[in-house]
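So you know, we letter chains A, B, ... as the sequences are listed, proteins then strands, and number each from 1. Every value quoted in this text rests on a predicted model; they were computed, and no experiment measured them.
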Amino acid sequence: MTVRTRIAPSPTGDPHVGTAYVALVNYCFAKKHGGQFLLRIEDTDRARSTSESERAILDSLHWLGLSWDEGPDVGGPHGPYRQSERGAIYREHIQMLLDAGHAFKCFCTPERLEEMRVAQRAAAQPPRYDGLCLTYDREEIARREAAGEPYVVRMRVPGEGVCVVEDLRRGAIEFEWKTVDMQVLMKSDGMPTYHLANVVDDHLMEITHVIRGEEWVSSAPKHILLYRYFGWEMPKLMHLPLLRNPDKSKLSKRKNPTSILFYQRMGYLPEALLNFLGLLTVNSADGNEIMDLHELIGRFEFEHISLGGPVFDVPKLNWLNGRYIREMLDVPSFIKRVEAWAGDEAKLANILTLAQARIERLSDLGSLIAFFFQGRVSVRADELRDGKLDDENLRKAFQLSLWEIDGLRDWNVSSVEGALKRVADALGKKFRDVARPFYLAVTGSPTSVPLYDAMAIIGRDIVRERLRVALDTLGGASNKEQNAWKSLIAGAGERAEALS
RNA sequence: GGCGCCAUCGUCUAUCGGUUAGGACAUCGCCCUUUCAAGGCGGAAAGACGGGUUCGAUUCCCGUUGGCGCUACCA
């Protein structure tokens with residue numbers, strides 16, 4: 001049997017380094033065993049999925065040097081590879097479960113479900129659907145359906161017994177069935193949830209090894225049950241640890257840049273970033289830590305993956321990147337890399353257009369536009385404070401701006417302008433009265449080229465990081481403050497939270 | 001709260017019952033050097049805690065503690 005693995009990202013935000021890590025492991029495992037590696041887009045969440053995000057994920061993984069044998073961009077015999085295009089397949093499978101009595105229609109309102117969960121929690125019970133709609137007879141269901149009541153389809157789950165999840169790396173993990181919820185398989189909008197789509201697709205795409213993040217361990221019993229209901233052979237499972245912030249919490253952009261785009265913009269070489277992630281998958285006890293993809297594949301053994309969540313250690317990445325820059329590139333190829341990174345003609349033209357009106361000598365250019373080519377800019381707290389906002393409002397301004405820019409669909413001069421104006425509105429100010437700290441945070445200087453244009457050119461990832469650093473410089477925003485401030489930005493708080 | 005996963009230097013890790021617990025990053029010192037890097041050499045730095053099992057536990061088992069995840073009509 002040929003080994004087939006996959007990466008199944010959800011296009012709901014920036015391409016995450018964690019996705020790259022999981023993709024790398026899947027890729028190495030498949031190639032090590034002469035198998036295939038697939039890419040499938042899990043875009044069943046219609047509200048949050050975007051084609052820009054999908055594009056960015058594909059581009060980022062390609063940039064890192066990864067490729068796939070089948071996927072939405074390259075096709076393949078098991079397509080389509082985008083879940084939003086597989087609706088008929090899921091409906092057919094949902095019907096099979098319904099017909100066999102393995103799933104049922106549930107008409108319960110969100111309010112009832114919420115009350116039920118609150119009660120269960122208060123009673124120290126595991127949260128689990130109580131089965132009300134399971135008691136309805138044929139007529140009752142038909143009546144409600146005819147009346148146009150919205151419903152979801154849930155899977156039936158045994159009330160007793162134990163489910164054993166076999167994990168390649170962790171061994172047997174036991175769950176009592178009564179702690180496993182009767183998961184929604186089809187939402188009221190007719191789209192499948194992750195659990196159904198994932199199982200159906202993995203089977204139809206002949207995936208033999210499901211290698212995914214640790215956050216899926218607790219839903220593995222649901223997946224096992226679905227395979228059983230369908231009478232399909234279960235693929236092997238392996239759950240990878242989650243990448244962490246330096247404080248050991250799950251890697252999140254609130255505390256750390258998580259987007260591959262950020263590392264690209266910062267001038268990390270793709271080989272270095274890939275090598276860095278690869279170090280978490282091989283045994284490098286011999287002291288050699290410089291490895292290309294080919295060597296990573298050769299040395300890959302899943303036994304080498306430690307189960308403790310590894311901190312994404314930027315200093316070590318920096319060291320690796322430095323070694324790649326000075327050891328792995330000769331001067332001509334180094335020059336090429338720099339040109340590719342900084343020499344984008346359109347970008348340079350934009351920058352120079354902004355600068356032209358503001359210089360007297362060409363030599364003024366260096367200090368005026370240096371911030372376009374920097375990563376973080378350093379600003380002191382007292383410089384930021386020297387404005388028209390008190391300390392709390394200053395921190396609020398930065399926090400709100402972070403939420404706003406994360407909530408933007410498009411990144412361009414006018415969308416950025418809109419975001420910052422909304423922040424000023426929320427503070428009850430005109431933007432020009434709060435502009436100074438933003439200029440300082442983003443450009444490193446209180447006077448510079450036009451801010452919105454500059455931000456549009458610098459890119460969302462670097463801008464977010466500079467704003468985040470400015471906020472941290474002022475002491476950050478406490479959870480309490482964040483909760484209090486969220487309501488000031490319509491919808492952006494929740495959005496940012498969900499995307500974090 | 002419920003369920004689950006995890007636990008070696010600050011960080012990434014080696015060790016698959018017996019080691020002076022090894023390497024790498026970061027850090028400190030020295031050397032090299034017109035500066036700064038880079039490079040070379042050296043130092044400091046770890047088995048969370050408590051019980052077992054065993055002739056012997058970092059390693060196996062149990063408990064505690066801690067970290068993390070899940071707990072949605074998000075993935």
Side-chain angles (χ1 to χ4, degrees), chain A residues 8-13 16 19 41-49 83 106-110 113-114 117-129 150-154 163 165 167 169-171 173-181 183-198 212-222 239-251 276-290 303-320 322-323 325-327 494 497-499:
Chain A
S10 181
T12 54
H16 199 281
T19 304
I41 295 292
E42 308 228 332
D43 55 352
T44 54
D45 183 344
R46 291 192 299 189
R48 293 203 293 138
S49 297
Q83 291 186 332
C106 174
F107 299 88
C108 293
T109 61
L113 294 171
E114 180 56 25
R117 288 183 190 118
V118 169
Q120 286 168 336
R121 194 187 174 104
Q125 294 294 309
R128 187 177 205 257
Y129 181 63
Y151 65 88
V152 300
V153 175
R154 287 179 187 276
C163 175
V165 176
D167 183 287
R169 196 60 187 68
R170 295 161 204 261
I173 305 171
E174 295 190 356
F175 293 85
E176 289 199 69
W177 280 120
K178 67 179 180 205
T179 67
V180 178
D181 201 1
Q183 183 65 46
V184 170
L185 298 178
M186 191 188 82
K187 310 174 214 174
S188 55
D189 67 358
M191 288 296 271
T193 58
Y194 167 86
H195 305 278
L196 189 277
N198 188 267
R212 60 192 350 177
E214 193 180 2
E215 72 264 39
W216 297 108
V217 171
S218 44
S219 44
K222 296 166 185 172
H239 294 93
L240 265 20
L242 264 18
L243 268 25
R244 310 281 185 92
N245 295 312
D247 67 1
K248 297 280 191 176
S249 57
K250 179 171 87 162
L251 192 63
F276 174 71
L277 294 171
L279 248 20
L280 302 174
T281 71
V282 299
N283 182 341
S284 58
D286 63 2
N288 172 32
E289 300 194 305
I290 300 282
E303 291 85 352
H304 289 149
I305 297 173
S306 303
L307 265 17
V311 169
F312 191 89
D313 190 29
V314 175
K316 181 127 187 186
L317 171 60
N318 290 342
W319 168 80
L320 250 187
R323 285 198 61 180
I325 286 176
R326 71 184 97 91
E327 293 175 24
E494 288 74 13
E497 195 68 11
L499 294 172

query = The side chain of Arg48(A) lies closest to which of these nucleotides: rC74(B), rA75(B), rA14(B)?
reply = rC74(B)

task = Would you classify Thr44(A) as touching base, sugar-phosphate or nothing, given that sugar-phosphate means primed atoms plus P, OP1 and OP2, and contacts are heavy atoms under 4.0 Å?
result = sugar-phosphate

ask   = Taking the side chain of Arg117(A) as heavy atoms from C-beta outward, which of rC68(B), rC73(B), rA75(B) is closest to it?
value = rC73(B)

Short side-chain N/O contact from Arg154(A) to OP1 or OP2 of rC73(B), under 4.0 Å = yes

inquiry  = Less than 4.0 angstrom between a side-chain N/O of Lys222(A) and OP1 or OP2 of rC70(B), yes or no?
reply    = no

Test log, rule side-chain contact (heavy atoms from CB on, under 4.5 Å), inputs Leu251(A) and His16(A) = CA-CA 10 Å; Leu251(A) 192 63; His16(A) 199 281; 4.1 Å; yes

inquiry  = Counting only side-chain heavy atoms from C-beta out, which of rC12(B), rC70(B), rA14(B) sits nearest to Pro310(A)?
reply    = rC12(B)

Taking N or O atoms only and anything under 3.5 Å, show me the protein contacts with nucleotides 37-42 of chain B, one pair per line.
| residue | atom | partner | partner atom | Å |
| --- | --- | --- | --- | --- |
| rA38(B) | O3' | Arg326(A) | NH1 | 3.3 |

inquiry  = Let's see if you can work this out: which of rC73(B), rC25(B), rG4(B) has an atom nearest to the side-chain heavy atoms of Pro315(A)?
reply    = rC25(B)

ask   = Donor-acceptor pair under 3.5 Å: do we get one between Thr179(A)'s side chain and the base of rC3(B)?
value = no

task = Flag the pair Glu214(A) and Arg170(A) as a salt bridge only when some basic side-chain nitrogen lies within less than 4.0 angstrom of an acidic carboxylate oxygen.
result = yes

query = Base, sugar-phosphate, or nothing: which does Val311(A) touch, judged by heavy atoms less than 4.0 Å apart?
reply = sugar-phosphate

ask   = Arg244(A) side chain: which of rA75(B), rG67(B), rC12(B) is closest?
value = rG67(B)

request  = Look at the side-chain N and O atoms of Lys248(A) and state whether any lies under 4.0 Å from the OP1 or OP2 oxygen of rC12(B).
outcome  = yes

Would you tabulate the nitrogen or oxygen pairs shorter than 3.5 Å linking the protein to nucleotides 45-47 of chain B?
none

remark   = Closest to the side chain of Ala124(A), out of rG2(B), rA14(B), rA75(B), is rG2(B)

Nearest-nucleotide pick for Glu289(A), side chain only, options being rG69(B), rA24(B), rC73(B) = rA24(B)

query = How far, in whole Å, is rG50(B) from rU65(B) if one measures between their P atoms?
reply = 15 Å

note = Picking from rG69(B), rA75(B), rG1(B), the nucleotide nearest the side-chain atoms of His195(A) would be rA75(B)

inquiry  = Using a 4.0 Å heavy-atom cut-off, does Ser306(A) contact any base of the nucleic acid, only the sugar-phosphate backbone, or nothing at all?
reply    = sugar-phosphate

task = Indicate yes or no: does Lys316(A) engage Glu289(A) in a salt bridge with an N to O separation below 4.0 Å.
result = yes

query = With a 4.5 Å heavy-atom cut-off, do Phe312(A) and Leu317(A) have their side chains touching?
reply = yes

inquiry  = Under 4.0 Å, counting only non-hydrogen atoms across every strand here, what does Ser249(A) touch: a base, just sugar-phosphate, or nothing?
reply    = sugar-phosphate

task = Could you check which of rA75(B), rC5(B), rC12(B) has an atom nearest any side-chain atom of Ile173(A)?
result = rC5(B)

